Amino acid sequence: MKPFTERAVKIIKHIPPGKVMTYGQIAGLAGSPRAARQVVRILHSMSEKYSLPWYRVLNSRGEIGFRDEEQMLTQRLFLEAEGVHFIDENRIDLGEYQYEVESGWEYIEVSIKKAKNNGK
DNA sequence: ACCCTGACTTGGC
DNA sequence: GGCCAAGCCAGGG
């Protein structure tokens, strides 16, 4: 797995319950700000394999990306189960739920290490 | 090795 | 607000 992919996977796994991140935001933190589509690819092909909380990733407008009604509903139910309130059929308030990372990738790395230490 | 696929984002009309 | 084009690229067939 390439470094970008590896970092993106770590970031996605690191999103806390009840919070969301956008495709572009993840791409930026992983080191390639314009690679939102790669994040899509990762979610599409690796969610199951790496147990990713895929439903916590939305587009830059705070909407669920799926066009398909059933998949969209599935994602919405996952989020609502974590307390996320929808202001529209498929849209949430990013200002309220977006997981903001202050200082880039380094911060994520530190947080992951902390989480590991807590687990010991 | 080439080709296609993706749930995207941003900036510029 | 909408439409368009460009940027991005690993994994599977």
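Being a predicted model, the structure only gives us computed values, none of them experimental. Proteins get letters first, then strands, A, B, ... in listed order; numbering begins at 1 in each.
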(request) Would you check if the side chain of A:Tyr55 reaches a backbone N or O of A:Thr74 as a donor-acceptor pair within less than 3.5 Å? (result)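 Not a single qualifying donor-acceptor pair exists.
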(request) Give a yes or no answer on whether the side chain of A:Gln25 reaches the backbone of A:Glu100 with a donor-acceptor pair at less than 3.5 Å. (result)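 A pair under 3.5 Å: no.
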(message) I'd like the P distance from B:dG6 over to C:dG7, given in whole Å.
(response)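 Per the computed distance, 23 Å lies between those P atoms.
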Rounded off to whole Å, could you give me the [atom1]-to-[atom2] distance for the [X] and [N] pair?
X       : N     : atom1 : atom2 : result
A:Ile12 : B:dC8 : CD1   : P     : 14 Å
A:Ile26 : B:dT9 : CD1   : C1'   : 13 Å
A:Ile42 : B:dG6 : CD1   : P     : 15 Å
A:Arg61 : C:dC3 : CZ    : P     : 11 Å
A:Asn90 : B:dC8 : CG    : P     : 12 Å
A:Gln98 : B:dT9 : CD    : P     : 10 Å
A:Asn59 : B:dC8 : CG    : P     : 7 Å

(request) Heavy atoms only: give me the nearest A:Trp54-A:Ser47 pair and the separation to one decimal. (result)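 So the minimum-distance heavy-atom pair works out to CB-OG, 3.3 Å.
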(request) List the atom of A:Gly18, the atom of A:Arg56, and the distance in Å for their closest heavy-atom pair. (result)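 Smallest interatomic distance, heavy atoms only, reads N-NE, 4.3 Å.
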(request) Determine the stems involving DNA chain C; a stem requires 3 or more consecutive pairs of the Watson-Crick or G-U wobble kind, each with both distances below 3.5 Å, and the answer is none if no such run exists. (result)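 Ordered by first number, the stems with DNA chain C (at least 3 consecutive pairs each) read B:2-6 with C:9-13, B:8-13 with C:2-7.
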(request) Check A:Ile15, A:Ile92, A:Val57 against A:Val20 for a side-chain contact (heavy atoms from CB on, under 4.5 Å) and give me the one that passes. (result)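 Between A:Val20 and the candidates, side-chain contact (heavy atoms from CB on, under 4.5 Å) is satisfied uniquely by A:Ile92.
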(request) Give me the one residue out of A:Gln38, A:Met21, A:Arg7 that meets side-chain contact (heavy atoms from CB on, under 4.5 Å) with A:Ile26. (result)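 Of A:Gln38, A:Met21, A:Arg7, side-chain contact (heavy atoms from CB on, under 4.5 Å) with A:Ile26 is met by A:Met21 alone.
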(message) Return a single string for nucleotides 7-13 of chain C, one symbol per nucleotide in 5' to 3' order, where B is base contact, S is sugar-phosphate-only contact and - is none, cutoff 4.0 angstrom on heavy atoms.
(response) BBBBS--
(request) Treating Ile, Leu, Val, Met, Phe, Trp and Tyr as nodes and any side-chain heavy-atom pair under 4.5 angstrom as an edge, say whether A:Tyr50 and A:Leu43 lie in one connected cluster. (result)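 Yes.
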(request) Would you give the length of the straight line joining atom CG of A:Leu58 to atom OH of A:Tyr97, rounded to the nearest 0.5 angstrom? (result)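 Result: 11.5 Å between the selected atoms.
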(message) Applying salt bridge (charged side-chain N to carboxylate O under 4.0 Å, His left out), can you list everything that pairs with A:Glu80, at least two apart in sequence or on another chain?
(response)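 So A:Glu80 forms a salt bridge (charged side-chain N to carboxylate O under 4.0 Å, His left out) with A:Arg76.
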